[in-house]
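First comes the structure, then the notes that go with it.
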There are 6 protein chains.
Amino acid sequence: MTSWLPTLKTATPEEGYALALKMARVAIKMTQPDDEIRGRLRPGYAESADALIASSQVVATHFATVAAANGYWNEGT
Amino acid sequence: MTSWLPTLKTATPEEGYALALKMARVAIKMTQPDDEIRGRLRPGYAESADALIASSQVVATHFATVAAANGYWNEGT
Amino acid sequence: MTSWLPTLKTATPEEGYALALKMARVAIKMTQPDDEIRGRLRPGYAESADALIASSQVVATHFATVAAANGYWNEGT
Amino acid sequence: MTSWLPTLKTATPEEGYALALKMARVAIKMTQPDDEIRGRLRPGYAESADALIASSQVVATHFATVAAANGYWNEGT
Amino acid sequence: MTSWLPTLKTATPEEGYALALKMARVAIKMTQPDDEIRGRLRPGYAESADALIASSQVVATHFATVAAANGYWNEGT
Amino acid sequence: MTSWLPTLKTATPEEGYALALKMARVAIKMTQPDDEIRGRLRPGYAESADALIASSQVVATHFATVAAANGYWNEGT
(Lines give C-alpha, C1' and ligand atoms only; values in the text may rest on other atoms or scores of the structure.)
Protein backbone atom coordinates (compact mmCIF):
# COMPACT_ATOMS: atom_id res chain seq x y z
CA MET A 1 0.00 0.00 0.00
CA THR A 2 1.41 3.38 -0.95
CA SER A 3 1.38 6.25 1.49
CA TRP A 4 -0.57 9.40 0.65
CA LEU A 5 2.16 11.40 2.41
CA PRO A 6 5.51 9.67 1.94
CA THR A 7 7.53 12.86 2.37
CA LEU A 8 7.23 16.62 2.94
CA LYS A 9 10.02 17.32 0.45
CA THR A 10 9.11 18.82 -2.89
CA ALA A 11 11.25 20.07 -5.75
CA THR A 12 9.67 23.54 -5.91
CA PRO A 13 7.50 25.94 -3.87
CA GLU A 14 4.66 25.37 -6.31
CA GLU A 15 4.71 21.63 -5.67
CA GLY A 16 4.90 22.39 -1.95
CA TYR A 17 1.76 24.48 -2.25
CA ALA A 18 -0.05 21.66 -4.06
CA LEU A 19 0.99 19.31 -1.25
CA ALA A 20 -0.35 21.75 1.36
CA LEU A 21 -3.68 21.81 -0.48
CA LYS A 22 -3.80 18.02 -0.42
CA MET A 23 -2.96 17.95 3.30
CA ALA A 24 -5.83 20.34 4.01
CA ARG A 25 -8.28 18.08 2.17
CA VAL A 26 -7.20 14.83 3.79
CA ALA A 27 -8.29 15.93 7.28
CA ILE A 28 -11.77 16.58 5.92
CA LYS A 29 -11.83 13.18 4.25
CA MET A 30 -10.67 11.46 7.45
CA THR A 31 -13.30 13.26 9.57
CA GLN A 32 -16.08 12.63 7.03
CA PRO A 33 -15.09 9.46 5.14
CA ASP A 34 -18.45 9.17 3.35
CA ASP A 35 -17.85 10.25 -0.27
CA GLU A 36 -21.53 10.86 -0.85
CA ILE A 37 -21.90 13.23 2.14
CA ARG A 38 -18.72 15.11 1.17
CA GLY A 39 -20.08 15.38 -2.36
CA ARG A 40 -23.27 16.93 -1.02
CA LEU A 41 -21.31 19.43 1.13
CA ARG A 42 -18.97 20.49 -1.66
CA PRO A 43 -21.22 22.96 -3.57
CA GLY A 44 -22.11 24.55 -0.24
CA TYR A 45 -18.54 25.43 0.57
CA ALA A 46 -17.10 25.95 -2.89
CA GLU A 47 -19.71 28.65 -3.37
CA SER A 48 -19.35 30.26 0.05
CA ALA A 49 -16.78 33.04 0.35
CA ASP A 50 -16.35 32.36 4.08
CA ALA A 51 -15.66 28.66 3.54
CA LEU A 52 -13.21 29.37 0.72
CA ILE A 53 -11.27 31.82 2.90
CA ALA A 54 -11.25 29.36 5.82
CA SER A 55 -9.93 26.65 3.48
CA SER A 56 -7.24 29.01 2.27
CA GLN A 57 -6.22 29.50 5.93
CA VAL A 58 -5.73 25.77 6.42
CA VAL A 59 -3.60 25.63 3.25
CA ALA A 60 -1.48 28.53 4.58
CA THR A 61 -0.84 26.67 7.83
CA HIS A 62 0.22 23.49 6.05
CA PHE A 63 2.30 25.45 3.55
CA ALA A 64 4.29 26.98 6.44
CA THR A 65 5.17 23.45 7.57
CA VAL A 66 6.04 22.22 4.08
CA ALA A 67 8.17 25.31 3.40
CA ALA A 68 10.12 24.82 6.63
CA ALA A 69 10.60 21.13 5.78
CA ASN A 70 12.18 22.18 2.49
CA GLY A 71 14.44 24.86 3.96
CA TYR A 72 12.31 27.38 2.03
CA TRP A 73 13.39 25.39 -1.00
CA ASN A 74 16.31 23.23 -0.71
CA GLU A 75 19.13 25.60 0.07
CA GLY A 76 22.31 23.67 0.51
CA THR A 77 20.78 20.34 -0.47
CA MET B 1 -1.93 3.03 32.72
CA THR B 2 -0.72 3.72 29.23
CA SER B 3 -0.39 7.26 27.97
CA TRP B 4 -2.45 8.39 24.99
CA LEU B 5 0.51 10.56 23.93
CA PRO B 6 3.77 8.85 24.94
CA THR B 7 5.82 10.59 22.25
CA LEU B 8 5.58 13.02 19.33
CA LYS B 9 7.99 10.90 17.25
CA THR B 10 6.59 8.94 14.35
CA ALA B 11 8.29 6.88 11.67
CA THR B 12 6.69 8.69 8.74
CA PRO B 13 4.84 11.93 7.84
CA GLU B 14 1.67 9.91 7.33
CA GLU B 15 1.83 8.55 10.88
CA GLY B 16 2.55 12.08 12.07
CA TYR B 17 -0.59 13.28 10.36
CA ALA B 18 -2.64 10.54 12.02
CA LEU B 19 -1.21 11.60 15.38
CA ALA B 20 -2.17 15.24 14.69
CA LEU B 21 -5.72 14.12 13.98
CA LYS B 22 -5.82 12.26 17.27
CA MET B 23 -4.44 15.28 19.14
CA ALA B 24 -7.19 17.47 17.66
CA ARG B 25 -9.86 15.06 18.86
CA VAL B 26 -8.56 14.66 22.39
CA ALA B 27 -9.12 18.32 23.26
CA ILE B 28 -12.76 17.94 22.29
CA LYS B 29 -13.05 14.80 24.40
CA MET B 30 -11.44 16.50 27.39
CA THR B 31 -13.71 19.54 27.10
CA GLN B 32 -16.83 17.40 26.59
CA PRO B 33 -16.13 14.07 28.30
CA ASP B 34 -19.72 12.82 27.92
CA ASP B 35 -19.66 10.19 25.12
CA GLU B 36 -23.37 10.47 24.61
CA ILE B 37 -23.31 14.27 24.07
CA ARG B 38 -20.32 14.01 21.72
CA GLY B 39 -22.19 11.31 19.81
CA ARG B 40 -25.15 13.64 19.41
CA LEU B 41 -22.90 16.48 18.17
CA ARG B 42 -21.01 14.35 15.68
CA PRO B 43 -23.52 14.26 12.77
CA GLY B 44 -23.93 18.00 13.12
CA TYR B 45 -20.27 18.72 12.49
CA ALA B 46 -19.36 15.84 10.22
CA GLU B 47 -22.02 17.14 7.85
CA SER B 48 -21.16 20.82 8.16
CA ALA B 49 -18.59 22.18 5.72
CA ASP B 50 -17.60 24.95 8.14
CA ALA B 51 -16.99 22.53 11.01
CA LEU B 52 -14.98 20.18 8.79
CA ILE B 53 -12.76 23.02 7.63
CA ALA B 54 -12.30 24.25 11.21
CA SER B 55 -11.34 20.73 12.27
CA SER B 56 -8.84 20.56 9.42
CA GLN B 57 -7.31 23.80 10.75
CA VAL B 58 -6.74 22.25 14.18
CA VAL B 59 -5.10 19.23 12.55
CA ALA B 60 -2.83 21.56 10.53
CA THR B 61 -1.71 23.31 13.73
CA HIS B 62 -0.91 20.04 15.50
CA PHE B 63 0.79 18.65 12.40
CA ALA B 64 3.16 21.64 12.39
CA THR B 65 4.21 20.70 15.93
CA VAL B 66 4.56 16.99 15.17
CA ALA B 67 6.56 17.71 12.00
CA ALA B 68 8.97 19.97 13.91
CA ALA B 69 9.33 17.30 16.61
CA ASN B 70 10.41 14.85 13.92
CA GLY B 71 12.85 17.17 12.18
CA TYR B 72 10.46 17.08 9.19
CA TRP B 73 11.09 13.38 9.32
CA ASN B 74 14.01 12.15 11.13
CA GLU B 75 16.90 13.68 9.28
CA GLY B 76 20.11 12.67 10.93
CA THR B 77 18.44 10.36 13.43
CA MET C 1 1.01 32.68 46.68
CA THR C 2 1.64 29.89 44.24
CA SER C 3 1.76 30.56 40.52
CA TRP C 4 -0.73 28.84 38.21
CA LEU C 5 2.03 28.68 35.60
CA PRO C 6 5.40 28.24 37.32
CA THR C 7 7.03 26.59 34.31
CA LEU C 8 6.37 25.36 30.77
CA LYS C 9 8.45 22.24 31.37
CA THR C 10 6.64 18.94 31.72
CA ALA C 11 7.93 15.39 32.01
CA THR C 12 5.92 14.00 29.10
CA PRO C 13 3.95 15.12 26.01
CA GLU C 14 0.75 14.05 27.72
CA GLU C 15 1.42 16.36 30.66
CA GLY C 16 2.31 19.10 28.17
CA TYR C 17 -1.05 18.64 26.52
CA ALA C 18 -2.83 18.91 29.88
CA LEU C 19 -0.92 22.14 30.53
CA ALA C 20 -1.97 23.52 27.12
CA LEU C 21 -5.60 22.78 28.00
CA LYS C 22 -5.20 24.67 31.27
CA MET C 23 -3.58 27.61 29.50
CA ALA C 24 -6.52 27.80 27.07
CA ARG C 25 -8.97 27.94 29.96
CA VAL C 26 -7.16 30.59 31.98
CA ALA C 27 -7.61 33.26 29.30
CA ILE C 28 -11.34 32.69 29.42
CA LYS C 29 -11.32 32.93 33.21
CA MET C 30 -9.28 36.14 33.12
CA THR C 31 -11.60 37.72 30.53
CA GLN C 32 -14.75 36.60 32.36
CA PRO C 33 -13.79 36.27 36.04
CA ASP C 34 -17.39 35.76 37.19
CA ASP C 35 -17.74 32.04 38.04
CA GLU C 36 -21.49 32.20 37.81
CA ILE C 37 -21.51 33.67 34.28
CA ARG C 38 -18.89 31.17 33.09
CA GLY C 39 -21.01 28.39 34.61
CA ARG C 40 -24.00 29.60 32.63
CA LEU C 41 -21.97 29.71 29.40
CA ARG C 42 -20.44 26.28 29.82
CA PRO C 43 -23.34 24.07 28.65
CA GLY C 44 -23.71 26.34 25.61
CA TYR C 45 -20.19 25.69 24.41
CA ALA C 46 -19.60 22.17 25.68
CA GLU C 47 -22.60 21.14 23.58
CA SER C 48 -21.73 23.15 20.49
CA ALA C 49 -19.54 21.45 17.91
CA ASP C 50 -18.23 24.79 16.66
CA ALA C 51 -17.20 25.93 20.13
CA LEU C 52 -15.53 22.60 20.90
CA ILE C 53 -13.51 22.77 17.68
CA ALA C 54 -12.53 26.40 18.38
CA SER C 55 -11.41 25.38 21.88
CA SER C 56 -9.37 22.57 20.40
CA GLN C 57 -7.66 25.15 18.16
CA VAL C 58 -6.60 27.21 21.17
CA VAL C 59 -5.21 24.08 22.83
CA ALA C 60 -3.25 23.27 19.65
CA THR C 61 -1.69 26.73 19.66
CA HIS C 62 -0.63 26.49 23.30
CA PHE C 63 0.60 22.93 22.81
CA ALA C 64 2.94 24.12 20.05
CA THR C 65 4.50 26.53 22.56
CA VAL C 66 4.74 23.96 25.35
CA ALA C 67 6.25 21.37 22.97
CA ALA C 68 8.90 23.84 21.80
CA ALA C 69 9.67 24.74 25.43
CA ASN C 70 10.34 21.08 26.12
CA GLY C 71 12.50 20.46 23.06
CA TYR C 72 9.69 18.18 21.82
CA TRP C 73 10.36 16.32 25.03
CA ASN C 74 13.50 16.86 26.76
CA GLU C 75 16.10 15.72 24.28
CA GLY C 76 19.53 16.21 25.74
CA THR C 77 18.23 17.41 29.09
CA MET D 1 5.74 59.24 27.92
CA THR D 2 6.06 55.66 29.06
CA SER D 3 5.64 52.81 26.61
CA TRP D 4 2.86 50.29 27.14
CA LEU D 5 5.20 47.63 25.75
CA PRO D 6 8.79 48.46 26.72
CA THR D 7 9.97 44.84 26.51
CA LEU D 8 8.80 41.30 25.83
CA LYS D 9 10.95 39.95 28.67
CA THR D 10 9.23 38.78 31.82
CA ALA D 11 10.55 37.08 34.92
CA THR D 12 8.13 34.14 34.81
CA PRO D 13 5.72 32.34 32.44
CA GLU D 14 2.81 33.65 34.47
CA GLU D 15 3.91 37.25 33.91
CA GLY D 16 4.41 36.40 30.25
CA TYR D 17 0.84 35.19 30.06
CA ALA D 18 -0.43 38.40 31.64
CA LEU D 19 1.55 40.36 29.05
CA ALA D 20 0.01 38.29 26.23
CA LEU D 21 -3.44 39.12 27.58
CA LYS D 22 -2.58 42.81 27.58
CA MET D 23 -1.24 42.59 24.02
CA ALA D 24 -4.50 41.00 22.85
CA ARG D 25 -6.50 43.83 24.38
CA VAL D 26 -4.43 46.67 22.98
CA ALA D 27 -5.27 45.81 19.36
CA ILE D 28 -8.95 46.09 20.20
CA LYS D 29 -8.38 49.43 21.90
CA MET D 30 -6.39 50.73 18.93
CA THR D 31 -9.04 49.62 16.44
CA GLN D 32 -11.90 50.99 18.56
CA PRO D 33 -10.41 53.84 20.63
CA ASP D 34 -13.80 55.03 21.92
CA ASP D 35 -14.01 53.90 25.58
CA GLU D 36 -17.76 54.25 25.62
CA ILE D 37 -18.31 51.99 22.58
CA ARG D 38 -15.87 49.38 23.94
CA GLY D 39 -17.74 49.54 27.25
CA ARG D 40 -20.98 48.82 25.44
CA LEU D 41 -19.46 45.88 23.56
CA ARG D 42 -17.87 44.30 26.60
CA PRO D 43 -20.92 42.53 28.14
CA GLY D 44 -21.71 41.15 24.71
CA TYR D 45 -18.40 39.36 24.39
CA ALA D 46 -17.64 38.58 28.02
CA GLU D 47 -20.90 36.64 28.07
CA SER D 48 -20.50 34.92 24.72
CA ALA D 49 -18.71 31.58 24.73
CA ASP D 50 -17.60 32.05 21.11
CA ALA D 51 -16.08 35.46 21.80
CA LEU D 52 -14.31 34.21 24.93
CA ILE D 53 -12.78 31.30 23.00
CA ALA D 54 -11.72 33.62 20.16
CA SER D 55 -10.09 35.95 22.71
CA SER D 56 -8.28 33.00 24.23
CA GLN D 57 -6.93 32.19 20.75
CA VAL D 58 -5.44 35.67 20.42
CA VAL D 59 -3.81 35.32 23.83
CA ALA D 60 -2.35 31.95 22.79
CA THR D 61 -0.80 33.52 19.68
CA HIS D 62 0.78 36.37 21.64
CA PHE D 63 1.93 33.99 24.38
CA ALA D 64 3.84 31.96 21.77
CA THR D 65 5.74 35.12 20.85
CA VAL D 66 6.39 36.16 24.43
CA ALA D 67 7.55 32.64 25.35
CA ALA D 68 9.99 32.56 22.44
CA ALA D 69 11.27 36.01 23.43
CA ASN D 70 12.06 34.66 26.88
CA GLY D 71 13.73 31.46 25.70
CA TYR D 72 10.78 29.60 27.26
CA TRP D 73 11.91 31.31 30.43
CA ASN D 74 15.28 32.65 30.58
CA GLU D 75 17.50 29.63 30.13
CA GLY D 76 21.08 30.70 30.22
CA THR D 77 20.29 34.32 31.02
CA MET E 1 4.80 26.60 -18.66
CA THR E 2 5.84 29.15 -16.09
CA SER E 3 5.29 28.53 -12.41
CA TRP E 4 3.02 30.86 -10.43
CA LEU E 5 5.34 30.37 -7.44
CA PRO E 6 8.90 29.89 -8.68
CA THR E 7 10.48 31.13 -5.44
CA LEU E 8 9.66 32.54 -1.99
CA LYS E 9 12.53 35.04 -2.23
CA THR E 10 11.69 38.68 -2.76
CA ALA E 11 13.87 41.76 -2.81
CA THR E 12 11.88 43.67 -0.18
CA PRO E 13 9.29 43.14 2.58
CA GLU E 14 6.72 44.96 0.45
CA GLU E 15 7.20 42.50 -2.42
CA GLY E 16 7.01 39.68 0.13
CA TYR E 17 3.66 41.01 1.30
CA ALA E 18 2.37 41.14 -2.29
CA LEU E 19 3.47 37.53 -2.74
CA ALA E 20 1.64 36.52 0.47
CA LEU E 21 -1.53 38.14 -0.89
CA LYS E 22 -1.16 36.16 -4.10
CA MET E 23 -0.62 32.93 -2.18
CA ALA E 24 -3.82 33.53 -0.20
CA ARG E 25 -5.80 33.98 -3.40
CA VAL E 26 -4.46 30.93 -5.20
CA ALA E 27 -5.94 28.49 -2.66
CA ILE E 28 -9.36 30.01 -3.30
CA LYS E 29 -8.87 29.71 -7.05
CA MET E 30 -7.76 26.09 -6.73
CA THR E 31 -10.74 25.19 -4.51
CA GLN E 32 -13.21 27.04 -6.75
CA PRO E 33 -11.69 27.06 -10.25
CA ASP E 34 -14.85 28.45 -11.89
CA ASP E 35 -14.12 32.11 -12.72
CA GLU E 36 -17.79 32.92 -13.02
CA ILE E 37 -18.68 31.56 -9.54
CA ARG E 38 -15.69 33.34 -7.96
CA GLY E 39 -16.82 36.52 -9.72
CA ARG E 40 -20.25 36.15 -8.19
CA LEU E 41 -18.79 35.58 -4.69
CA ARG E 42 -16.40 38.52 -4.84
CA PRO E 43 -18.79 41.41 -4.04
CA GLY E 44 -20.13 39.35 -1.14
CA TYR E 45 -16.75 39.11 0.55
CA ALA E 46 -15.13 42.34 -0.56
CA GLU E 47 -18.01 44.14 1.12
CA SER E 48 -18.11 42.03 4.28
CA ALA E 49 -15.95 43.17 7.18
CA ASP E 50 -15.72 39.62 8.54
CA ALA E 51 -14.54 38.19 5.21
CA LEU E 52 -11.99 40.97 4.76
CA ILE E 53 -10.54 40.35 8.22
CA ALA E 54 -10.43 36.58 7.60
CA SER E 55 -8.62 37.22 4.31
CA SER E 56 -6.15 39.44 6.11
CA GLN E 57 -5.48 36.54 8.52
CA VAL E 58 -4.57 34.23 5.65
CA VAL E 59 -2.21 36.88 4.27
CA ALA E 60 -0.58 37.21 7.71
CA THR E 61 0.04 33.47 7.86
CA HIS E 62 1.62 33.37 4.40
CA PHE E 63 3.64 36.52 5.12
CA ALA E 64 5.18 34.81 8.17
CA THR E 65 6.41 32.03 5.86
CA VAL E 66 7.69 34.40 3.18
CA ALA E 67 9.46 36.56 5.79
CA ALA E 68 11.21 33.52 7.28
CA ALA E 69 12.21 32.38 3.77
CA ASN E 70 13.90 35.76 3.25
CA GLY E 71 15.68 35.84 6.60
CA TYR E 72 13.42 38.79 7.49
CA TRP E 73 14.96 40.36 4.42
CA ASN E 74 18.08 39.01 3.13
CA GLU E 75 20.52 39.52 5.94
CA GLY E 76 23.86 38.11 4.96
CA THR E 77 22.80 37.25 1.42
CA MET F 1 7.65 56.20 -4.70
CA THR F 2 8.17 55.31 -1.08
CA SER F 3 7.41 51.82 0.16
CA TRP F 4 4.74 51.30 2.82
CA LEU F 5 6.86 48.48 4.23
CA PRO F 6 10.55 49.28 3.71
CA THR F 7 11.69 47.11 6.63
CA LEU F 8 10.44 44.89 9.45
CA LYS F 9 13.00 46.35 11.87
CA THR F 10 11.75 48.66 14.59
CA ALA F 11 13.52 50.26 17.52
CA THR F 12 11.11 48.98 20.17
CA PRO F 13 8.39 46.34 20.72
CA GLU F 14 5.79 49.09 20.83
CA GLU F 15 6.79 50.31 17.37
CA GLY F 16 6.76 46.69 16.22
CA TYR F 17 3.20 46.37 17.45
CA ALA F 18 2.17 49.51 15.57
CA LEU F 19 3.75 48.05 12.42
CA ALA F 20 1.81 44.79 12.90
CA LEU F 21 -1.41 46.79 13.14
CA LYS F 22 -0.56 48.56 9.90
CA MET F 23 0.24 45.26 8.19
CA ALA F 24 -3.15 43.86 9.22
CA ARG F 25 -4.91 46.85 7.71
CA VAL F 26 -3.07 46.85 4.40
CA ALA F 27 -4.43 43.42 3.39
CA ILE F 28 -7.95 44.75 3.85
CA LYS F 29 -7.14 47.82 1.78
CA MET F 30 -5.61 45.70 -0.99
CA THR F 31 -8.61 43.35 -1.08
CA GLN F 32 -11.12 46.21 -0.98
CA PRO F 33 -9.36 49.24 -2.50
CA ASP F 34 -12.52 51.37 -2.63
CA ASP F 35 -12.19 53.95 0.20
CA GLU F 36 -15.89 54.61 0.19
CA ILE F 37 -16.87 50.95 0.66
CA ARG F 38 -14.26 50.47 3.41
CA GLY F 39 -15.64 53.60 5.07
CA ARG F 40 -19.11 52.10 5.03
CA LEU F 41 -17.86 48.81 6.51
CA ARG F 42 -15.85 50.42 9.28
CA PRO F 43 -18.63 51.21 11.81
CA GLY F 44 -19.93 47.68 11.33
CA TYR F 45 -16.68 46.08 12.46
CA ALA F 46 -15.40 48.68 14.90
CA GLU F 47 -18.61 48.14 16.85
CA SER F 48 -18.69 44.37 16.61
CA ALA F 49 -16.92 42.44 19.36
CA ASP F 50 -16.34 39.46 17.05
CA ALA F 51 -14.75 41.59 14.34
CA LEU F 52 -12.53 43.40 16.86
CA ILE F 53 -11.29 40.09 18.27
CA ALA F 54 -10.66 38.72 14.77
CA SER F 55 -8.69 41.87 13.93
CA SER F 56 -6.67 41.43 17.09
CA GLN F 57 -5.84 37.89 15.93
CA VAL F 58 -4.43 39.19 12.66
CA VAL F 59 -2.31 41.72 14.55
CA ALA F 60 -1.01 38.93 16.82
CA THR F 61 0.06 36.88 13.78
CA HIS F 62 1.91 39.81 12.20
CA PHE F 63 3.44 40.79 15.54
CA ALA F 64 4.95 37.30 15.83
CA THR F 65 6.70 37.87 12.49
CA VAL F 66 7.86 41.39 13.36
CA ALA F 67 9.15 40.23 16.76
CA ALA F 68 11.15 37.39 15.17
CA ALA F 69 12.55 39.83 12.60
CA ASN F 70 13.84 41.98 15.44
CA GLY F 71 15.32 39.15 17.46
CA TYR F 72 12.64 39.90 20.10
CA TRP F 73 14.21 43.31 20.12
CA ASN F 74 17.57 43.74 18.78
CA GLU F 75 19.70 41.55 20.96
CA GLY F 76 23.27 41.69 19.79
CA THR F 77 22.58 44.30 17.13
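Sequence lines set the chain letters: A, B, ... in the order given, protein chains first and strands last, and positions in each chain run from 1.
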Would the distance check show the side chain of [X] and the main-chain N or O of [Y] forming a donor-acceptor pair, the cut-off being under 3.5 Å?
| X | Y | result |
| --- | --- | --- |
| A/Trp4 | A/Met23 | no |
| B/Asn70 | B/Ala11 | no |
| B/Trp73 | A/Ala69 | no |

Residue part contacting chain A, namely of B/Ile53, when any heavy atom lies under 4.5 Å: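 Both parts, backbone and side chain.
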Measure B/Ala60 against the heavy atoms of chain A and call it side chain, backbone, both or neither at under 4.5 Å.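 Both backbone and side chain.
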Under 4.5 Å from any heavy atom of chain B, what part of A/Thr7 do you find: side chain, backbone, both or neither?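 For A/Thr7, the contact with chain B is made by the backbone alone.
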So which part of A/Ile37 gets closer than 4.5 Å to some heavy atom of chain B, the side chain, the backbone, both or neither? side chain
Where is the tightest heavy-atom contact between A/Ala27 and B/Ser56, given as atom of each residue plus distance? CB-OG, 3.5 Å
Identify which of A/Thr65, A/Val59, A/Asp50, A/Val58 forms the greatest number of heavy-atom pairs closer than 4.5 Å to chain B. A/Val58
Would you call the rings of B/Phe63 and B/Tyr17 parallel, tilted or perpendicular, taking 30° and 60° as the class edges? tilted
